[in-house]
Amino acid sequence: MKIVNLGSLNIDRVYKVGRFALPGETVPTEDFCVYPGGKGLNQSVALAKAGAAVFHAGKIGADGAFLEELLQNAGVDTSLLLRGDTCTGHAVIQVEESGENCILLAGGANQEIAEENVEQALSQIEPGDWLLLQNEISAMAYILDRAAALEIPVALNPSPMTPALPTCNLSSVRCFLLNKLEGQMLTEETNPEAICLALEKKYPKATVVLTLGADGVLCRSGGQWFRHGVYPVEIRDTTGAGDTFTGFFLAAVAGGKSIPEALETASLAAALAISRPGAASSIPTASEVQQAKLTLQKNEEVFL
Ligand code: RIB
């Protein structure tokens, strides 16, 4: 069983700021770093570190070779990765003192995924495999149509949400991993329970994992509710924490773990990611997560 992640790869240019720039304002930055990132790449790294067999299918430019190397070092198979002549996708990220971020995306090679590239990636998927998607690459409507036609189970992190995504064929989605805002845009509901129930009604075979920031996570699966709180850590940089959660959750579920186990592991991994700078670089290993289970359990957990 493997997971094919048809997703983005970005070069993250991260600026530490006292506070986010306002319209028309110029803000001096306190620090600047370049990190590997992209929701797709981050999730592939998290999956591999959590022990899943993952293939990353996406596209980089000539300046993105270090991203491929990083994936390989993390244990991700890059045989489906495309290399082009244009620029690799990049993100301009402001990170405030509180660890909160604000992201601008430039698609670059991520927006050059064409139908034939999609076919090439999907042809590698065998029964029992998963297709993982975010919303940072081109051809999303085509990918979702083809996944439905080929009956490929999809795990979808609909981030960043766009007006086009809710109009796509989401019938092949078996796992939604989303935040409240994305849930609102998909369902027009505002209450977390109502968002989960609306998605369940429309996609009864899907597990819905709704992350709620400091309020933890709410999950609806097989007609049952599951909840998990956050672990208290010192927040340094929230960038990539959602991707870490997604990778660890999906690796656990695909590996046969129960939903409560998957929520616990993913919440611990996300807490560790939040306590470190960068996106892909902040993702913990499975053994670090196991270790955190012993230490963070001693602290008070904040349940919904
Ligand atoms: O989810 C975090 C990621 O969003 C960053 O790494 C950035 O590249 C953007 O894609």
Side-chain angles (χ1 to χ4, degrees), residues 3 5 12 14 16 33 35-54 70-71 73-76 93 95-101 132 155 157 159 175 177-179 207 209-219 221 226-304:
I3 296 160
N5 183 2
D12 288 354
V14 182
K16 192 164 177 216
C33 285
Y35 290 115
K39 295 183 198 305
L41 176 145
N42 298 338
Q43 292 176 23
S44 280
V45 170
L47 279 160
K49 287 193 168 180
V54 52
L70 175 119
L71 283 171
N73 289 340
V76 177
I93 306 181
V95 178
E96 274 188 349
E97 211 59 62
S98 65
E100 204 55 57
N101 65 35
L132 172 61
N157 169 222
S159 184
C175 186
L177 297 125
L178 70 181
N179 64 26
T207 290
V209 185
L210 188 67
T211 53
L212 299 166
D215 288 332
V217 55
L218 178 65
C219 174
S221 183
F226 302 89
R227 295 165 195 268
H228 201 286
V230 295
Y231 291 93
V233 288
E234 194 185 332
I235 301 174
R236 276 202 64 192
D237 183 353
T238 55
T239 317
D243 301 326
T244 303
F245 183 97
T246 292
F248 272 80
F249 180 87
L250 190 58
V253 166
K257 296 274 191 284
S258 68
I259 299 278
E261 284 175 301
L263 290 176
E264 182 187 40
T265 305
S267 302
L268 283 163
L272 291 178
I274 283 172
S275 68
R276 301 167 175 179
S281 2
S282 73
I283 299 171
T285 60
S287 61
E288 286 174 322
V289 173
Q290 279 313 310
Q291 186 58 32
K293 194 171 171 178
L294 303 175
T295 51
L296 291 181
Q297 254 181 355
K298 290 181 192 138
N299 295 339
E300 194 187 341
E301 210 175 326
V302 186
F303 284 103
L304 292 169

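The analysis underlying the following values was restricted to heavy atoms, covering all of them including side chains, and did not include hydrogens, waters or symmetry mates.
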Open item on the list: Name the residue from V217, N157, I259, N179 that meets the side chain to side chain contact (heavy atoms under 4.5 Å, CB included) definition with V209.
Closed with: V217

Task: Residue from Q291, R276, Q290 passing side chain to side chain contact (heavy atoms under 4.5 Å, CB included) with P284 - done: R276

Open item on the list: I'd like to check L272 versus V233 (side-chain heavy atoms, cut-off strictly below 4.5 Å). Are they in contact?
Closed with: no

TODO: Would you check if D237 and S282 make a side-chain contact, meaning some heavy-atom pair closer than 4.5 Å?
DONE: no

For the backbone of [Y] and the side chain of [X], can you confirm whether one donor and one acceptor N or O come within less than 3.5 Å of each other?
X	Y	result
D12	V14	no
T265	A262	no
T211	L178	yes
K39	S159	no
T239	A279	no

Any chance you could measure [X], atom [atom1], to [Y], atom [atom2], to the nearest 0.5 Å?
X	Y	atom1	atom2	value
I93	C33	CD1	SG	11.0 Å
I274	R236	CD1	CZ	13.0 Å
L268	F248	CG	CZ	9.5 Å

TODO: Specify whether H228 and Y231 have parallel, tilted or perpendicular ring planes, treating 30° as the upper limit for parallel and 60° as the lower limit for perpendicular.
DONE: tilted

Task: K49 bridged to E288 by N-O distance under 4.0 Å - done: no

